[in-house]
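Read the numbers this way: they start at 1 and go in the same order the structure lists the ligands and their atoms.
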Amino acid sequence: MATLRAPRGTRDLLPDERALFAHLMRTGADLATRYGYQQIETPMFEQAAVFERGIGEVTDVVEKELFRIAPRTEESESWALRPEPTAGMVRAYVQHGMQTWPQPVKLTMTGPMFRYDRPQAGRYRQFWQFDVEAIGDPGPAVDAEIIELGLRFYRDAGVAGVEVLVNSIGDPECRPAYTQALTEYYRRHAAALPPTERDRLERNVLRLLDSKDPAMAELNETAPRITEHLCDACAAHFEAVKAHLTAVGVPFRVESALVRGLDYYTRTAFEFYVAGREGQQQALGGGGRYDGLVQLLGGRPTPGIGFGLGLDRVALVLAEQGSVASRETGPLAVVVGADPHDTVTRLRIATELRTAGLRVRADLGRRKLGRQLEAAGREGAHFAVILGDELSAGQVQVRDLLAGTQRIVAADDLARELARAEASHRHG
Ligand code: AMP
């Protein structure tokens, strides 16, 4: 029989890594709460139109990477797994009339995203993002607040040396003149363009700037810069974002070639990197302002801004930086027994201790006491509760596996004794 494996581009998060992910998700959720964001959960798949309209048809994400779900019947709607969270969250904002809520509506969500991309290091077909969106605030202060929140997430998560690159990509006022200038520039260099990029030149020229094709690097170096084409309102907004960043002590670097991969961005765009590692597939996270998106998805014109931070890449960087993943903690105690066959008493006592709120495992095999104790030690348990002859007198032995000591405890006092020992161990 063929070996069964997780699909290409996906991976199993085994307990140690899952514990790290839980820690990252908790870090994100706690921070988002502190900054006034509320949790939301949207479906992992949406009508494909949510992404086609919201992200833009001429983007890598929709053109090449959208995970479409094959319909079972011809009449079925066309669905796709979410490649990013913003479009679905804004769809929910419109659908549930959140325009009538006090603005801005600040939402946060963490979960898996799906892109049918060619898998490689740091690029998966299923990956996790921590995301925040502030919808209904035109900025510029909230732009800086969100960027500061992103940096704080990396700091709290223990990633060293994260840097933020910022740019303004203009708005429908000023971008057309810029894209015109950019188109003319690339037309002059058409002969040097790889075929895909030549094809995109007339359809969505901004994409060429963040092309993944190495042949484009040199050409993009000397391309016209959006920052030289911003209208007065966008230029003022960008200046104000930078002033707010400075005021809250956030160091940043302006990167005028930063355009972001999705169509809906306006004005502020930003990406987080480990300093010195700004290559392709290295972005730890990114985000930007999307003042046109709510309207694109059927709502009243409403500004918005948000970010998506990739947790898989944070995990990779933490591993590279030698940061120890927080291990899943072993049980406080394991209940073991001198009578290999008496699993009833072991299970009963463990159940009582768990009812008292303690982290306790029972050894439910039928092996000898010595083996049960060895297993408890290997698991990192602090105590072994040993059931033996004393049980008839209402007593058990409690062995401190870390200290190597042992004493008799009344079964009725067991939960209290273990809880006290755990508390003193934690504080001691
Ligand atoms: P993007 O919307 O492409 O800017 O993605 C935001 C963040 O999600 C990136 O900075 C990455 O950290 C992460 N990310 C995007 N695509 C992938 C992927 N295929 N595999 C792992 N992480 C990803």
(message) Can you confirm whether the side chains of Q295 and T302 place a donor and an acceptor under 3.5 Å from each other?
(response) no
Ligand-side contact atoms (ligand 1) for residue partner [X], heavy atom cut-off under 4.0 Å:
{"X": "L284", "result": "10 (O), 12 (O)"}
{"X": "Q129", "result": "5 (O), 6 (C), 7 (C), 8 (O)"}
{"X": "G122", "result": "20 (N), 21 (C), 22 (N)"}
{"X": "G308", "result": "6 (C), 7 (C)"}

(message) Can you classify the ring geometry of F272 versus F270 as parallel (below 30°), tilted (30 to 60°) or perpendicular (above 60°)?
(response)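 The arrangement is perpendicular - the two ring planes meet at more than 60°.
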(request) Return yes when R313 approaches ligand 1 closer than 4.0 angstrom through a heavy atom, no otherwise. (result)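 Checking ligand 1 against R313, which is what was asked, there is a heavy-atom contact under 4.0 Å.
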(message) Tell me whether D312 reaches ligand 1 (any heavy atom closer than 4.0 angstrom to a ligand atom).
(response)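 In this structure, D312 fails to qualify as a contact of ligand 1 - no heavy atom is under 4.0 Å.
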(request) Answer yes or no: is there a donor N or O on one side and an acceptor on the other, between the side chain of D363 and the main chain of G365, under 3.5 Å? (result)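 Yes: the side chain of D363 pairs with the backbone of G365.
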(message) Under a 4.0 Å threshold between the charged nitrogen and the carboxylate oxygen, would R118 count as salt-bridged to E65?
(response)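 A salt bridge is absent here (no side-chain N lies under 4.0 Å from a carboxylate O).
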(request) Answer yes when E228 and R225 have at least one side-chain N-carboxylate O distance shorter than 4.0 Å, and no when they do not. (result) no
(message) So, regarding E271 and ligand 1 (criterion: nitrogen or oxygen to nitrogen or oxygen, under 3.5 Å), is there a contact or not?
(response) no
(request) Ignoring hydrogens, just give me the one of E84, R115, E65 whose non-hydrogen atom is nearest atom 2 (O) of ligand 1. (result)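 Nearest heavy atom to atom 2 (O) of ligand 1 lies in R115.
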(message) Using heavy-atom distances only, which candidate in Y273, F127, Y116 approaches atom 14 (N) of ligand 1 most closely?
(response) F127
(request) Answer yes or no for R115 and F67: cation-pi contact, defined as NZ/CZ to six-membered ring centre under 6.0 Å and angle to ring axis within 45°. (result) no
(request) Kindly confirm or rule out a cation-pi arrangement of R399 over F383, judged by NZ or CZ under 6.0 Å from the six-membered ring centre and within 45° of its axis? (result) no
(request) Answer side chain, backbone, both or neither: which part of R125 comes under 4.0 Å from ligand 1, heavy atoms only. (result) neither
(request) Of the side chain and backbone of L309, name the one, both, or neither that has a heavy atom under 4.0 Å from an atom of ligand 1. (result)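 The answer is neither; L309 stays 4.0 Å or more away.
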(request) Among I169, N167, V166, L165, find the one that has a side chain to side chain contact (heavy atoms under 4.5 Å, CB included) with S256. (result)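 Looking at I169, N167, V166, L165, the match for S256 under the side chain to side chain contact (heavy atoms under 4.5 Å, CB included) is N167.
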